[in-house]
Amino acid sequence: MEWSDVDGDGVIRIGCLGDSITQGTETSNWPLFLQQYLDHLSETDGRTYEVKNFGKAGAAVRHYLEDLNNDGVADEYFLYDDEKYLSSLEYNPDIMIVQFGSNDGLPGNAAELDNYFKSDYTTYLVQPYLDKGATVVLATPPYASNGIVDEPVNGKISDMVREIGAEKGCPVIDINKITQPRTESFPDGIHGNDSGYSLIAQTYYHEIFGGKLNTVTIQTQPGASVQFGMHMATADDSGVATFSLADMGAPEALAGKISCKDFKPREETITVEGDAAFDFPLTPGAYNVSAGATATADGYYGENRPEFAVDGSLDTRWESEYRNNTWLMVDLGEPHRINGVNIVWEGAYSAHYTIEVSADGENFTQVADVNISKEGLETTMFDEVDARYVRVNCLVKFSMWGSSIKEIEVLSDIRG
């Protein structure tokens, strides 16, 4: 892809314009990962790269010029009044990456797409940067699977972005295609975790800057969840999980875990140097023995009651009160020889928790002490023990909210 140092000062300035998927969090967002990859590239090409994040949570392409609040004053949609957008205009980037469209899939916006999307996108998100001499790179929005914006985001909106690119002569990177199906990396069906954001960043690193990517394949059980470092993938029907990893110029050791229903999880460390392939078969075991179990807690928030953590659905959840030191307990109904727990954490996960077991529901023994830093599936194994009750003590909540569990399973190598 062709681009240039517009002002010739030796610093390649990259602006990243988008919604909450671009903004991310302070420690996890794709512009942050892109900066890390470009810092490595600078060691070989001698350039200096500067990445700026202008993401704004909730922002859409739509620019309102009507009185939405019926207060007699015309409202402009907040993106174009926002400090981040205004700062992006003053940044004078050499490259502006525009990744928008997810919020335009919301029902109120989707119904009006023909009336505003291409015109507002071009007027406010493309032309001002072209006028400054920047190379404007357009990106389709990440693949949506949250059941709310799926059809417009994956269909009409992505098509419109491609059309705008062709009309304005701007390169288009098809993030929508690259991120499907990647539910392990986009756990809520739209926002990424570290794996999802690094995947987006690596794509830009490769497509825009020519950065080298290594392909790593893991042969294991079909459907297995595979994680090495922050990178995640799901094994296909042939049992192959595939990663693309930015080549950082030296061997990279990545600790990981492979998990699959009705198989014992396997922990391994791989060393990646160039393209690589590994074979990690799994051993049957770790069966769920908590089907039909009941759950109680020391409290819950709203309608998110404890029984929703054992109902077999990832569409429901238990949510604690908004405080630390809360707990959820599962009653198996009778003693089982158990050796592990699967927990599917919602975005409001517990950053530090312990697992305790009991035969009588009164006297508990701690079997695990866990610090995690991500949402989604966490499998924790421990020495076999006979127990009827399993309690998860959520000691430190990660977010401003409480701790929230979508589903919990108690595991045993003996089928229940």
Side-chain angles (χ1 to χ4, degrees), residues 1-4 12-24 29-38 41 49-55 59-61 88 93-105 117-118 121-122 124-130 134-145 149 152-182 185-186 190-192 195-215 231 242-247:
M1 186 179 299
E2 294 185 2
W3 47 267
S4 62
I12 309 302
R13 294 177 175 84
I14 303 106
C16 305
L17 197 60
D19 47 37
S20 60
I21 303 170
T22 298
Q23 177 178 319
N29 57 77
W30 64 258
L32 178 67
F33 290 128
L34 179 58
Q35 181 71 73
Q36 293 173 3
Y37 299 141
L38 291 175
L41 186 61
Y49 298 92
E50 178 183 275
V51 181
K52 288 286 187 181
N53 187 343
F54 296 108
V61 172
S88 76
D94 299 296
I95 302 168
M96 178 59 79
I97 303 173
V98 181
Q99 181 184 293
F100 262 102
S102 297
N103 291 314
D104 295 280
F117 189 88
K118 290 180 69 174
Y121 197 113
T122 301
Y124 299 103
L125 302 178
V126 177
Q127 196 60 51
Y129 308 102
L130 289 178
T135 298
V136 180
V137 179
L138 310 187
T140 54
Y143 187 77
S145 58
V149 300
V153 165
N154 303 330
K156 191 168 191 175
I157 290 172
S158 291
D159 287 341
M160 284 181 161
V161 172
R162 298 181 187 106
E163 291 168 8
I164 295 168
E167 292 167 4
K168 299 300 294 183
C170 296
V172 177
I173 297 179
D174 203 342
I175 295 295
N176 188 267
K177 180 178 181 180
I178 290 166
T179 54
Q180 58 171 304
R182 287 282 183 175
S185 300
F186 297 85
I190 194 163
H191 296 92
S195 174
Y197 291 144
S198 66
L199 175 62
I200 292 173
Q202 287 180 105
T203 301
Y204 294 140
Y205 174 67
H206 177 67
E207 295 290 337
I208 300 174
F209 304 97
K212 182 183 177 183
L213 300 181
N214 296 323
T215 299
H231 308 287
T242 303
F243 301 87
S244 289
L245 307 179
D247 190 322

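All residue numbers refer to positions in the sequence shown, counting from 1.
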TODO: Search all heavy atoms of Val149 against all heavy atoms of Ala144 and return the closest pair with its distance.
DONE: CG2-CB, 3.8 Å
Open item on the list: With heavy-atom distances below 4.5 Å as the criterion, would you say the side chains of Trp3 and Ile12 are in contact?
Closed with: yes
Task: Which atom of Ile175 lies closest to which atom of Ala139, heavy atoms considered - done: CG1-CB, 4.0 Å
- [ ] Would you check if Ile95 and Arg13 make a side-chain contact, meaning some heavy-atom pair closer than 4.5 Å?
- [x] no
- [ ] Measure the OG-CG distance between Ser145 and Asn154 for me, rounded to the nearest 0.5 Å.
- [x] 8.0 Å
Open item on the list: Using every non-hydrogen atom in the two residues, find where Ala134 and Leu130 come nearest and quote the distance to one decimal.
Closed with: O-CD2, 3.8 Å
Open item on the list: Nearest 0.5 Å, please: how far is CG in Leu41 from OH in Tyr37?
Closed with: 13.0 Å
Task: Leu199 side chain near Thr179 side chain, heavy-atom distance below 4.5 Å - done: yes
Open item on the list: When you compare the side chains of Thr22 and Trp30, does any donor N or O come within less than 3.5 Å of an acceptor on the partner?
Closed with: yes
TODO: Tell me, with the steps shown, if Gln202 and Tyr197 meet side chain to side chain donor-acceptor pair (under 3.5 Å).
DONE: CA-CA 9 Å; Gln202 287 180 105; Tyr197 291 144; over 6 Å; no
TODO: Walk me through it: do Lys156 and Asp159 pass the test salt bridge (Lys or Arg N to Asp or Glu O under 4.0 Å)?
DONE: CA-CA 5 Å; Lys156 191 168 191 175; Asp159 287 341; over 6 Å; no
Task: Set of side chain to side chain contact (heavy atoms under 4.5 Å, CB included) partners for Ser195, sequence neighbours left out - done: Ser185, Asn193, Met232
Open item on the list: What's the separation between atom NE2 in His191 and atom CD in Gln23, rounded to the nearest 0.5 Å?
Closed with: 9.0 Å
- [ ] Check whether any side-chain heavy atom of Ser102 sits under 4.5 Å from a side-chain heavy atom of Ile21, and report yes or no.
- [x] yes
TODO: Taking the side chain as every heavy atom from C-beta outward, state whether Phe243 and Asn214 have any atom pair closer than 4.5 Å.
DONE: no
Throw together a table of side-chain donor-acceptor distances under 3.5 angstrom for residues 205-213, partners on residues two or more places apart or in other chains.
{"from": "His206", "atom 1": "ND1", "to": "Gly211", "atom 2": "O", "distance (Å)": "2.9"}
{"from": "Lys212", "atom 1": "NZ", "to": "Asp247", "atom 2": "OD2", "distance (Å)": "3.4"}

Open item on the list: Would you compute the distance between atom CD1 of Ile14 and atom CD of Gln35 and round it to the nearest 0.5 angstrom?
Closed with: 7.0 Å
Open item on the list: Is the shortest side-chain heavy-atom distance between Tyr204 and Gln99 below 4.5 Å?
Closed with: yes
Task: Closest heavy-atom pair and its distance - Leu38, Tyr49 - done: O-CD1, 3.6 Å
Open item on the list: Can you confirm whether Leu138 sits close enough to Ile173 that some side-chain heavy atom of one is under 4.5 Å from a side-chain heavy atom of the other?
Closed with: no
- [ ] Output the distance between atom CG (Asn29) and atom SG (Cys16), rounded to the nearest 0.5 Å.
- [x] 8.5 Å
Open item on the list: Quick one, Asp104 and Tyr121 - any side-chain contact, counting heavy atoms below 4.5 Å?
Closed with: no
TODO: Would you name the heavy atoms of Leu125 and Val136 that are closest together and state the gap between them?
DONE: O-CG1, 4.4 Å
Open item on the list: More than 12 heavy atoms of other residues, nucleotides or ligands under 6.0 Å from NZ of Lys118: yes or no?
Closed with: yes
Task: Under 3.5 Å donor-acceptor, Asn53 side chain and Pro31 backbone - done: no
Open item on the list: Side chains of Tyr129 and Thr135 only: does a donor on one sit below 3.5 Å from an acceptor on the other?
Closed with: no
Task: Distance, nearest 0.5 Å, that separates CD1 of Ile178 from OG1 of Thr203 - done: 4.0 Å
